[in-house]
Trainee: 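One structure, pasted below without further comment.
Here, residue 1 is the first one in the sequence, and each next residue gets the next number. Nothing here was measured: the structure is a model prediction, and the numbers come from that model. All values below were derived from every heavy atom in this structure, side-chain atoms included, with hydrogens, water molecules and symmetry-related copies excluded.
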Amino acid sequence: MPVRSLSSSVVVWPDRAAVESALRLWAEEAARIPELVRVGYFGSYARGDWGVGSDLDVVLVVAGADLPFARRPVAWDLTRLPVPVDSLVYTQDEWRGLDPASRFTRALAREVVWVWPPGERVVA
C-alpha cells in the first residue's frame, strides 16, 4: 500500500517492478490450486502509465468454474498485493471464445503481461 515520506507530504506508490514481483509471488503460491491455468495483468501497469492511486488489473484463466463470472474474483484473495486489484476470472473456454472484434479483447491482446506460468507469452 502507499506510504508517506517522513520528510514531506509526497505519497510514494509501488512501481511496476514491485507490483509485478508481488503478483508473480502470489501466482506461484496460488498455482497450488490445480484449476489455475494462467495469471496476467493489463491496464495502466502493463502500459506503463500507472500513477499514484492506480489499481492493478489482473486476469486469471482457470480450467473451469462453478460460480458465475461476476462472482469468481471473490474466490481469489489478492489482498496481499501492494495496490488495490480489479480481477477478471475467465475459464479457458471463455478466454478462447472472447470476441476478437471487441475493443476490450483487442486491448487485452495488446496489453496482457503474463506472469504465470513462467515463460508464458501467448495472449490468445
Side-chain angles (χ1 to χ4, degrees):
M1 281 303 189
V3 294
R4 289 204 174 267
S5 169
L6 295 177
S7 61
S8 74
S9 61
V10 174
V11 176
V12 178
W13 199 258
D15 66 11
R16 178 180 177 166
V19 170
E20 183 175 315
S21 177
L23 182 60
R24 283 182 190 280
L25 289 173
W26 178 90
E28 288 173 13
E29 291 177 16
R32 295 181 207 157
I33 300 169
E35 291 81 23
L36 187 61
V37 176
R38 294 188 344 204
V39 176
Y41 66 96
F42 62 99
S44 63
Y45 273 99
R47 291 188 307 265
D49 60 3
W50 59 273
V52 172
S54 291
D55 67 351
L56 180 64
D57 299 300
V58 172
V59 62
L60 306 176
V61 179
V62 296
D66 294 328
L67 293 173
F69 183 79
R71 297 201 45 220
R72 291 180 201 156
V74 175
W76 299 90
D77 182 10
L78 293 156
T79 58
R80 291 191 340 232
L81 295 179
V83 295
V85 175
D86 281 331
S87 59
L88 300 173
V89 182
Y90 291 96
T91 66
Q92 285 180 300
D93 289 341
E94 290 167 343
W95 183 255
R96 288 183 194 121
L98 289 175
D99 179 4
S102 141
R103 194 163 83 173
F104 182 66
T105 301
R106 290 193 313 268
L108 286 174
R110 281 191 313 272
E111 294 180 8
V112 172
V113 176
W114 296 107
V115 298
W116 190 88
E120 181 71 33
R121 293 287 179 241
V122 179
V123 173

Trainee: Nearest 0.5 Å please: distance from the CD atom of E94 over to the CD atom of Q92.
Mentor: 11.0 Å
Trainee: Does atom CG of D99 have more than 12 heavy-atom neighbours from other groups under 6.0 Å away?
Mentor: yes
Trainee: Please work out whether the ring planes of W50 and Y45 are parallel, tilted or perpendicular, with thresholds of 30° and 60°.
Mentor: parallel
Trainee: Quick check for you: to the nearest 0.5 Å, what is the distance between W114 atom CH2 and Y41 atom OH?
Mentor: 12.5 Å
Trainee: Check F69 against P73 and note the closest heavy-atom contact, atom names and distance.
Mentor: O-CD, 3.6 Å
Trainee: Does the side chain of V112 come within less than 4.5 Å of V59's, by heavy atoms?
Mentor: yes
Trainee: Any side-chain hydrogen bond (donor to acceptor under 3.5 Å, both in side chains) involving residues 75-86? Give me the pairs, sequence neighbours left out, ordered by first then second residue.
Mentor: E29-R80, D77-T79
Trainee: Go through it in stages, so that I can follow the logic: the residues are W26 and L78, the test is side-chain contact (heavy atoms from CB on, under 4.5 Å), and I'd like the CA-CA distance, side-chain angles, deciding distance and then a yes or no.
Mentor: CA-CA 8 Å; W26 178 90; L78 293 156; 3.3 Å; yes
Trainee: Looking at R47, I'd like to know if its CZ atom is crowded, meaning that more than 12 non-hydrogen atoms belonging to other residues, nucleotides or ligands lie closer than 6.0 Å.
Mentor: yes
Trainee: Could you report the tightest heavy-atom contact between A63 and V37, atom names first, then the distance?
Mentor: N-CG2, 3.5 Å
Trainee: Mind checking the CG-CG spacing from L23 to L81? Nearest 0.5 Å is all I need.
Mentor: 6.0 Å
Trainee: Can you find a pair of side-chain heavy atoms, one from V19 and one from L56, that are under 4.5 Å apart?
Mentor: yes
Trainee: Give, for atom CG of L25 and atom CD of E20, the distance between the pair rounded to the nearest 0.5 Å.
Mentor: 11.0 Å
Trainee: Minimum heavy-atom separation for V113 to R16, with atom names?
Mentor: CG2-NH2, 3.7 Å
Trainee: Where is the tightest heavy-atom contact between A27 and L36, given as atom of each residue plus distance?
Mentor: O-CD2, 4.4 Å
Trainee: Determine whether a donor-acceptor pair (N or O, by modelled atom type, separation under 3.5 Å) exists between the side chain of E111 and the backbone of G43.
Mentor: yes
Trainee: Quick one: do E28 and R24 make a salt bridge, cutoff under 4.0 Å?
Mentor: no
Trainee: Step by step, work out the side-chain contact (heavy atoms from CB on, under 4.5 Å) result for R96 and T91.
Mentor: CA-CA 9 Å; R96 288 183 194 121; T91 66; over 6 Å; no
Trainee: Measure from the side-chain N and O atoms of R38 to the backbone N and O of V61, and report whether any donor-acceptor pair falls under 3.5 Å.
Mentor: no
Trainee: Output the distance between atom CZ (F104) and atom CG (L88), rounded to the nearest 0.5 Å.
Mentor: 5.0 Å
Trainee: For the pair W13 (side chain) and S54 (backbone), establish whether a donor and an acceptor sit closer than 3.5 Å, ignoring hydrogens and angles.
Mentor: yes
Trainee: Identify the two heavy atoms, one from L67 and one from A75, that lie closest to each other, and give their separation to 0.1 Å.
Mentor: CD1-CB, 4.4 Å
